[in-house]
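Here the structure comes first, spelled out in C-alpha cells, and everything after it is commentary.
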Amino acid sequence: MIERPRGTNDFIPPESILREKIIKLISEYLKIFGYKLIETPIFEKSELFKRSVGDTSDIVLKEMYEFKDKKGRDLVLRPELTASVVRAVIQNRLYNNNHLKFYYIGPIFRYERPQLGRFRQATQFGIEYLGNPSFLADFEIIFLTQNLYRYIFNNFNIKNIEFKIHINSIGCNNCRPNYKQKLYEYFVNYEKDLCQDCQKRLNSNVLRILDCKNMVCRNISLNAPKSVDYLCLECKNHFENLLNLLKMNNINFVIDNYLVRGLDYYNRTVFEVKTILDNNTIDLAGGGRYDYLANFIDNNYNIAGCGFAGGLERLTLIINNYNPQKSFNMIKILFSLISEQKGLGIFKYLLSTIENINTNANLLKDNYSFYFSIDNSLKSALKLANNMDLDYIIFIGEQEIEKNIFQIKNLKTGKQKEFSLNEINLLVKNINDFLDKLNR
RNA sequence: GUGGGUGUAGCUCAGCGGUUAGAGCAGUGGACUGUGGAUCCACGGGUCGGGGGUUCAAAUCCCCUCACCCACCCCA
C-alpha cells in the first residue's frame with residue numbers, strides 16, 4: 001500500500017463538504033469589505049522567505065520544503081503567503097494604489113511533526129491590506145479577523161465560543177534597537193539559566209526569548225523590560241489610537257507583553273487569536289503590521305501593510321467540536337424504476353427526469369441531490385434508499401404505469417402519495433410543491 | 001528535532017509465546033416476487049503496518065523501519 005506522505009490529508013466527505021462551505025463563507029464575507037482574491041504560486045524562490053520571514057526564524061531555519069529544479073534554481077514550497085502577496089504586489093506594479101486589499105486561501109507547507117490541528121500541508125486563509133500606514137488599517141484587520149470568525153461560527157450555530165485576541169506592539173526601526181538592547185542587557189544576566197534555544201536567541205533574536213514556553217525562561221521574562229514602555233512617540237500614538245478604536249468597538253483584547261511572533265517582518269502591531277479546546281489553547285490566527293516587508297524583498301520599495309492569516313484545519317477542528325453535524329441539510333431524493341421487464345418504455349420517465357434536473361440545476365442547487373436506480377423489487381429499492389439515508393423515493397413500476405401514476409414516499413415519515421404520470425414533467429421544476437402536497 | 005502512546009477483518013476492538021487468529025457492528029445471500037430500518041440462518045472477508053532476529057513454536061518477546069495519535073518546540 002502506498003500511503004499519503006506524512007502530515008498530509010485526504011479530505012473526504014463530510015469533512016470536504018464542511019471545508020467547501022467555510023471557504024465559501026470566507027470569500028463572501030471578505031468581498032463585502034472590498035477584499036479581492038489573490039492567487040500566487042505554491043512554490044517560490046527560497047530567497048523570498050529567507051529575506052522576509054527571516055533567516056533566524058524557525059520556519060526558514062528548519063521547516064521549509066526546499067528543492068532545486070532541473071536548472072538548479074533554489075525553490076521552496078511556500079511556508080506562508082504574506083511574503084508572496086507583497087512580492088506579487090511589487091512585481092505587478094500595484095503599489096500606487098493606497099488601498100490594496102487582498103484575501104487568499106491556499107496550501108502552505110512546513111516540515112514539522114504533525115499534531116492536533118498541525119500538518120505538513122496546511123491550508124491558510126488570510127487578508128492583506130497594503131499601502132495604508134494608519135492605525136485605521138490595523139483596526140480594520142483586527143476587526144475583520146474577529147468578525148470573520150464570528151460570521152463563520154454563527155453560520156454553524158456556534159454561539160458563546162471564547163476566542164481571545166492577544167495584542168502587542170513591538171515598535172519600529174527607531175525604537176526597537178533600543179528596546180532590544182535593553183532586553184539583551186536584562187537577559188544576559190541570566191544567560192546560564194536560559195534554555196539552550198534561548199541562549200542562542202540572546203544573540204540572534206533576543207525578542208523571541210519572550211515567546212519561549214520553557215518555565216525557567218518564562219519566569220525570567222516576567223520582569224523583563226516591556227516593549228510598550230520603549231516605544232517611540234509615533235509607535236506609542238499608533239498603538240494607543242488602535243487600542244482606543246478597539247475599545248470603542250467593543251472588541252475584546254488582552255495586551256500580551258510576551259507576544260512577539262516568530263516572523264521577522266512584523267513591526268508595531270502584532271496580534272493572535274486564541275481559543276480553548278479541551279483545556280488546550282489553540283492559535284486560530286495571527287497577524288500584524290509589516291511596513292518593512294516590501295523593503296526586505298526589494299529595497300527600492302516601501303509599502304506599508306498589515307494582515308492576518310488563519311488555519312483552515314484548526315477552524316474545522318473547532319467547528320466539528322462544537323457542532324459535529326454530519327449532514328448538510330441537502331434533501332436527498334431517489335428516483336427509482338421498479339421493473340423486472342426493463343422494457344425500453346419505462347426508461348423514458350427516468351430520462352426525462354434527468355433531463356429536467358439538468359435544465360433546472362440552478363433552482364435545485366444547494367437544496368437537493370438526486371440519485372437514480374433500477375430495481376427488481378420495491379423492497380430492494382427501499383432497502384437501498386434506507387441504507388443511503390435518503391429523504392424521499394420517487395418510484396414508477398408496472399402497477400404505476402397501468403394506473404398512469406407515479407409515487408412519492410417520504411422515507412422519514414412513511415407518508416406516500418400518488419400523482420398523475422401526466423405531471424411527471426413538472427416534477428423537478430415544482431419539486432417543492434410536490435413535496436408540500438405529500439407532507440401536508 | 002525530543003518524549004509518550006498506538007498499528008490485528010470495511011469500522012470498533014479482544015487475543016500478548018502453544019491447534020487452522022476471534023467478537024460486535026458493517027457486507028452479501030436466504031427466510032421475504034410491490035412497501036424499508038427488526039429477527040433468524042448461512043456465507044464471504046486477514047501478507048496480525050513492513051523488514052529482520054530469538055525460539056521446537058511469534059499477532060504475542062527483541063531490534064530496525066513506516067504510519068497514525070498526543071505532548072514539547074514552533075506555528076495556522
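Predicted model, so just to flag it, every value in this text is computed and none were measured. Every chain is numbered from 1, with letters handed out A, B, ... down the list of sequences.
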Applying salt bridge (charged side-chain N to carboxylate O under 4.0 Å, His left out) to A:Asp10 and not counting sequence neighbours gives A:Arg4
Between atom CG in A:Asp391 and atom P in B:G37, what is the gap in whole Å? 18 Å
A:Lys379 (side chain) and B:U33 (base): donor-acceptor pair under 3.5 Å: no
By ring pair (Phe, Tyr, Trp, His ring centres under 6.0 Å), A:Tyr65 pairs with (sequence neighbours left out) A:Tyr111
For B:G3 and B:U65, measure between their P atoms and round to the nearest Å. 12 Å
For nucleotides 70-76 of chain B, give me one character per nucleotide, 5' to 3': B if any protein heavy atom sits under 4.0 Å from the base, S if the only such contacts are to the sugar-phosphate, - if neither. SBBBBBB
Per the salt bridge (Lys or Arg N to Asp or Glu O under 4.0 Å) rule, what does the pair list look like for residues 41-54 of chain A, sequence neighbours excluded? A:Glu44-A:Arg87, A:Glu47-A:Arg51, A:Lys50-A:Glu66
Can you list every pair that meets salt bridge (Lys or Arg N to Asp or Glu O under 4.0 Å) and has a residue in residues 118-131 of chain A, with sequence neighbours left out? A:Glu112-A:Arg118
Any residue meeting salt bridge (charged side-chain N to carboxylate O under 4.0 Å, His left out) with A:Asp256, in chain and number order, not counting sequence neighbours: none
Mind checking the P distance from B:U12 to B:A31? Whole angstroms is fine. 34 Å
Atom pair distance, as rounded to whole Å: CG in A:Leu378 and P in B:G37: 12 Å
Base, sugar-phosphate, or nothing: which does A:Gly106 touch, judged by heavy atoms less than 4.0 Å apart? nothing
Between N or O atoms, less than 3.5 Å apart, protein on one side and nucleotides 25-31 of chain B on the other: list the pairs.
none

So what does A:Phe395 touch, heavy atoms closer than 4.0 Å: a base, only the sugar-phosphate, or nothing? base
For A:Ile338 and B:G36, give me the distance from atom CD1 to atom C1', rounded to whole Å. 12 Å
Using Watson-Crick or G-U wobble pairs with both distances under 3.5 Å, give me RNA chain B in dot-bracket, 5' to 3', with [ ] for crossers and | for pairs to another strand. ((((((((.[[[[.)..(...]]]].(((((.......))))).....[[[[[..)....]]]]])))))))....
Pairing residues for A:Phe406 by the ring pair (Phe, Tyr, Trp, His ring centres under 6.0 Å) criterion, not counting sequence neighbours: A:Phe419
Donor on one side chain, acceptor on other, A:Asn295 and A:Tyr265, under 3.5 Å: no
For A:Phe11, enumerate each residue passing the ring pair (Phe, Tyr, Trp, His ring centres under 6.0 Å) test, keeping only those at least two apart in sequence or located in another chain. none
Output all residues satisfying ring pair (Phe, Tyr, Trp, His ring centres under 6.0 Å) with A:Phe335, sequence neighbours left out; order by chain, then residue number. none
Nearest-Å distance, CD (A:Gln416) to P (B:G34)? 14 Å
Answer with base, sugar-phosphate or nothing: what part of the nucleic acid does A:Gly126 contact at a heavy-atom distance below 4.0 Å? nothing
Any pair counted as salt bridge (Lys or Arg N to Asp or Glu O under 4.0 Å), so long as it reaches residues 306-322 of chain A, sequence neighbours left out: A:Arg19-A:Glu313
Quick one: do the A:Asn252 and A:Gln146 side chains pair a donor with an acceptor below 3.5 Å? no
